[in-house]
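This structure is a prediction, so every number in the text was calculated from the model and none was measured.
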Amino acid sequence: YATFDYEMRPGLEQTEIGLAAFSVGLDWLAKLRRGVGGPATVSFFIRENHSALLRAAAACGYASHQKGYTQLTLGLPKTVAKTPVDTFFEVRTIVDADFENGQPPVIRTEPSKFSRILNAPLYRRDQHLVAVSRESEVIAECLFWIDEQNAIGVFEPIETKTEFRRRGAARALLTEGLNRMNARNVSTAKLSHYTDNQPASHLYQSLGFERQFTRVVYSSKSAQMPFP
């Protein structure tokens, strides 16, 4: 699996320079796919209003997913009150005993991918939060990442066990994460959700996050994937 992301100044995506820069990413994915042991799946995101780039991706044989991602942001510093939650759980930093055979207690991911997460340069244990019940069961988990140079914090991923959803665990994790970002002088917090995930949208906006844009996911798994 391989992916790339990009950022462009407003309006640049409709110019030849913008298309040329975007083509560099497509070419990089194509070279990876051609190589021995290359990724079986390649993907990337395009903002919904970047029509020229959407057409370029389709012309190269990439297909869009039905689900897009909506990104939201929140300006900091901001006092984030710890809202009352059910007393059946507490929020804290993850500890070794919470891991299950080296894997995350709630977040669903492949072992190799999670190993890369733990070894990522920006990973810190105090940015890995869990909600734990009175019975010592981890019922929700989230990670956040801080780019200190640009003062940006990103929540990714956030997960609550199905049977404990809508009981305040995700809100409590986000609240604690935002307060820790405040303490680290973060000026902007970001997160994303599937466009059709209305419960997540309502939760994030209730905490003050504002919608910025939606990104469409383009990918290909085909062995005959066209190359730009």
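Linking Ile, Leu, Val, Met, Phe, Trp and Tyr whenever their side-chain heavy atoms come within less than 4.5 Å leaves I117 and I158 in two separate clusters. Cluster membership check: L191 does not share its hydrophobic cluster with V106, using side-chain heavy-atom separations under 4.5 Å among Ile, Leu, Val, Met, Phe, Trp and Tyr. In terms of hydrophobic clustering, with Ile, Leu, Val, Met, Phe, Trp and Tyr side chains grouped at heavy-atom distances under 4.5 Å, F89 and L143 are assigned to different clusters. There is no path of hydrophobic side-chain contacts, each under 4.5 Å, that joins V138 to V91. Cluster membership check: V95 does not share its hydrophobic cluster with L129, using side-chain heavy-atom separations under 4.5 Å among Ile, Leu, Val, Met, Phe, Trp and Tyr.
Under the 3.5 Å distance criterion, the side-chain polar atoms of S133 are matched with a main-chain donor or acceptor of E137. Judged by distance alone, with hydrogens and angles left aside, the side-chain atoms of R180 form no donor-acceptor pair with the main-chain N or O of Q127 at under 3.5 Å. Listed for the W145 side chain is a donor-acceptor partner under 3.5 Å among the backbone atoms of E156. A donor-acceptor pair is defined here as one N or O able to donate and one able to accept, closer than 3.5 Å; no such pair exists between the side chain of N197 and the backbone of Y194. Checking side-chain atoms of N179 against main-chain N and O of T175 turns up a donor-acceptor pair under 3.5 Å. Although no hydrogens or angles enter the test, the distance criterion places a donor-acceptor pair under 3.5 Å between the side chain of T195 and the main chain of G68. Remark: the backbone N or O of Q212 is not paired with any side-chain donor or acceptor of Q71 at under 3.5 angstrom.
When all heavy atoms are compared, the tightest approach of E141 to P104 is OE2-CB, 3.4 Å.
Rounded to the nearest 0.5 angstrom, Q198 CD and L203 CG are separated by 12.5 Å. Here the straight-line distance linking atom CD1 of I152 with atom CG of D147 works out to 5.5 Å at 0.5 Å rounding. Of the inter-residue distances, the one linking I139 atom CD1 with R165 atom CZ reads 12.0 Å to the nearest 0.5 angstrom. Here CZ of R166 is found 11.5 Å from OG1 of T160. Values are rounded to the nearest 0.5 Å. Remark: N150 CG to S187 OG distance equals 8.5 Å, nearest 0.5 Å. Distance CD/Q205 to CZ/R211: 9.0 Å, rounded to 0.5 Å.
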query: Hey, mind stepping through L74 and L178 against side-chain contact (heavy atoms from CB on, under 4.5 Å) and telling me if it holds?
result: CA-CA 9 Å; L74 174 67; L178 288 170; 3.9 Å; yes
- request: Start with the C-alpha distance between F155 and Y204, add both sets of side-chain angles, then the distance that settles side-chain contact (heavy atoms from CB on, under 4.5 Å), and finish with yes or no.
  value: CA-CA 11 Å; F155 287 98; Y204 302 152; over 6 Å; no
- request: Under the side-chain contact (heavy atoms from CB on, under 4.5 Å) rule, what do E135 and F88 come out as? Steps first, then yes or no, please.
  value: CA-CA 9 Å; E135 293 74 27; F88 79 95; 5.7 Å; no
task: Check step by step if side-chain contact (heavy atoms from CB on, under 4.5 Å) holds for V186 and F144.
output: CA-CA 12 Å; V186 169; F144 63 91; over 6 Å; no
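For the pair L72/K190, no side-chain contact is recorded, criterion being any heavy-atom separation below 4.5 Å from C-beta on.
The number of heavy-atom neighbours closer than 6.0 Å to CD of E163, taken from other residues, nucleotides and ligands shown, is above 12. Within a 6.0 Å sphere centred on CG of L118, heavy atoms belonging to other residues, nucleotides or ligands number more than 12. The number of heavy atoms from other shown groups lying within 6.0 Å of CD (E16) does not exceed 12.
Between the side chains of S206 and R171, at least one donor-acceptor pair of N or O atoms lies under 3.5 Å. Using modelled atom types, one finds a donor on one side chain and an acceptor on the other under 3.5 Å when comparing T214 with T70.
A centroid separation of 6.0 Å or more is found between the aromatic rings of Y69 and H193.
Both tests do not hold together for R108 against F114: distance to the six-membered ring centre under 6.0 Å, angle to the ring axis within 45°.
Note on R92 versus D126: no salt bridge recorded, every NZ/NE/NH1/NH2 to OD/OE distance being 4.0 Å or above.
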